[in-house]
Structures are given as C-alpha cells and as structure tokens.
K.L.:
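Below you'll find the structure I mean.
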Amino acid sequence: LESKLASFLGDPNFPEKITSKLTSRGERIIFYEDLYKQYSRLAFTKWEDRPIAIAGLEKRLIYDLQTYGGFGVFDDGQSLLRRSLLWQRGKDEPTLKKITFPPERHMNIPSWSWMAYEGGIDFLELPLGGVDWQKDKIHSPWIPDPAEIQTTDQAGSIELSCIARGFNLQGARANEVMIVYDIPKTEGGLLKCIVMGRRREEGKTEDARHYVLFVAPKGGSYERVGVGFMPGKFIELNAPGPSKWVKVR
C-alpha cells in the first residue's frame, strides 16, 4: 500500500488514479485522507490562502470520486460524509487556531471544516468496513439536494443539520473514551455530541464504541469543537421527547 500511495501522490495524472478499478474503496479513502493530512501541514505565508490553494484539486477529487462536497468534506450519500467529518487536530499539534479571513475575501468557512483552522490534521482511526454509519441523522449542504456549493463560494450559510445528543461521562474509564478538542480547554457543560457511527463487531449498543463530533452552542446554532469516541451507554441515544435537530455552522 505504501508504494501505491507514493505512486498516487506523484502521478502526473493525479487524481485520476483514484478511479481505477484496481483501487479499492478503502484504498481511495486512505489516499485522500493522507493527501489532506499532508496538505494541512504545509506552511502558508498567508493562512487565509489555505482554502483557495486546494480548491482546484478538491474539484478534481470530487469529479473523480463521483461525489459532492467542499471545504475538505465529501458526501456520496453513503459513508464519506461522516468519515470525512471525523478529522481531528493533528497528533503533533498542541492546538489549532481559527483563521481570520479578511472582510474583503467574503470567505465563509464552516467550523466543521479543517480549512477554517491553522495547523495539521489527522483522521480518527476507523476500521475500514467495520463501522455501521448513522443514516438520516445528518444532512449536508449537498444531499438530498446536490447544490453546487464549493469551497470558494463567497455567499450563503454553509451548515449541517444534525441530531445533537447529550452525554454524561461519569464513571467512564480512561480507555473507554477519547476526546480530541480542536482548541483545547473548550470543554464545558453545554457540549453535545453528534453520532457519526458505531463499531460493528461490538455487541450491545450500550457497549459499542460510538464515533462522534462534539459541538457547542454559538449564536443560535452550534459550532464544532472536536471529535472522539465513547460507548453508547454514555450517550442519550433513547432520550424521551423529540430529537433535537440543530444547525452546525
């Protein structure tokens, strides 16, 4: 796989190789994740150029993957949306820092995009083919209505519609839970989690590892603050009353 990855990144016809019948879906996921991890670690003289510099490449990836997306996120109506949202602050980064975009740029980069931050990213380590992804619990700007919203768009509100759930980690053991904050020291009692999926091979729902986004309220909507995992028993999966749909911007 390492030689394939090197060939993929150095191919002058990149990223057409991603559509090869000889490349599995799992390999394609690893390829684009590695590409974004490498790109996010490039140093920019002006950090506000970060989303613009990758826009052309991202359009090619979207075309060759036959999917929709923008802002470093893909949505194929299957698992790509949830998987690509589960990026995390790079293991070598003490913190990320929000990019301040000049007003004249009119850039509208959502908090759930790594392009809104300075610093390198990684992705949660997820078992390929080993996650049961949530269905109909998160709606992107692209599906079910495949709007042509791209990273370089300068107007409109780019948001996710999601079911936000409460959680309580009282009694949790250290090896059961992982939270990676984009900017450390942001934890608080108002945090909610959005379930992306759960590990398939683990038995009861309450014991299975659930992969989640963490969000916090801000100005009538929510913003992303991190990612991680925890067993279902700590999440309000079957709370009484109607589900709480929120906008994440």
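This is a predicted model, so every value here is computed, not measured.
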K.L.:
If you measure from the Lys or Arg side-chain nitrogens to the Asp or Glu carboxylate oxygens, is any gap between Arg89 and Asp182 under 4.0 Å?
P.N.:
no
K.L.:
Would you say Arg25 and Leu65 make side-chain contact, with heavy atoms under 4.5 Å?
P.N.:
no
K.L.:
Taking Leu128 as the starting point, is it possible to reach Leu81 by hopping between hydrophobic residues whose side chains are less than 4.5 Å apart?
P.N.:
yes
K.L.:
Between Arg82 and Asp75, does any side-chain N to carboxylate O distance fall below 4.0 Å?
P.N.:
no
K.L.:
Could you check whether any side-chain N or O of Arg209 sits under 3.5 Å from a backbone N or O of Phe229, counting only pairs where one atom can act as donor and the other as acceptor?
P.N.:
no
K.L.:
Can you confirm whether Met115 sits close enough to Glu58 that some side-chain heavy atom of one is under 4.5 Å from a side-chain heavy atom of the other?
P.N.:
yes
K.L.:
Counting the benzene-type ring for Trp, do Phe74 and Tyr32 have ring centres under 6.0 Å apart?
P.N.:
yes
K.L.:
Please report the shortest heavy-atom distance between Asp207 and Pro231, naming the atom on each side.
P.N.:
O-CB, 4.1 Å
K.L.:
Apply salt bridge (charged side-chain N to carboxylate O under 4.0 Å, His left out) to Glu236 and list each qualifying residue two or more places apart in sequence or on a separate chain.
P.N.:
none
K.L.:
For Tyr117, which residues count as a ring-ring contact (aromatic ring centres under 6.0 Å, His included) partner, sequence neighbours excluded?
P.N.:
Trp87
K.L.:
Run the salt bridge (charged side-chain N to carboxylate O under 4.0 Å, His left out) test against Lys247 and tell me which residues pass, sequence neighbours left out.
P.N.:
Glu159
K.L.:
Arg41: which residues meet the salt bridge (charged side-chain N to carboxylate O under 4.0 Å, His left out) condition with it, sequence neighbours left out?
P.N.:
Asp92, Asp122
K.L.:
Counting only N and O atoms by type, is there a donor-acceptor contact under 3.5 Å from the side chain of Glu27 to the main-chain atoms of Ser24?
P.N.:
yes
K.L.:
Would you mind reporting whether Thr100 and Trp47 have side-chain heavy atoms less than 4.5 Å apart?
P.N.:
no
K.L.:
Kindly write out the residues that satisfy ring-ring contact (aromatic ring centres under 6.0 Å, His included) with Phe214, not counting sequence neighbours, or none if the list is empty.
P.N.:
Phe167
K.L.:
Would the distance check show the side chain of Ser111 and the main-chain N or O of Arg249 forming a donor-acceptor pair, the cut-off being under 3.5 Å?
P.N.:
yes
K.L.:
With sequence neighbours left out, write down each residue that passes salt bridge (charged side-chain N to carboxylate O under 4.0 Å, His left out) with Glu223, or none if nothing qualifies.
P.N.:
Lys98, Lys218
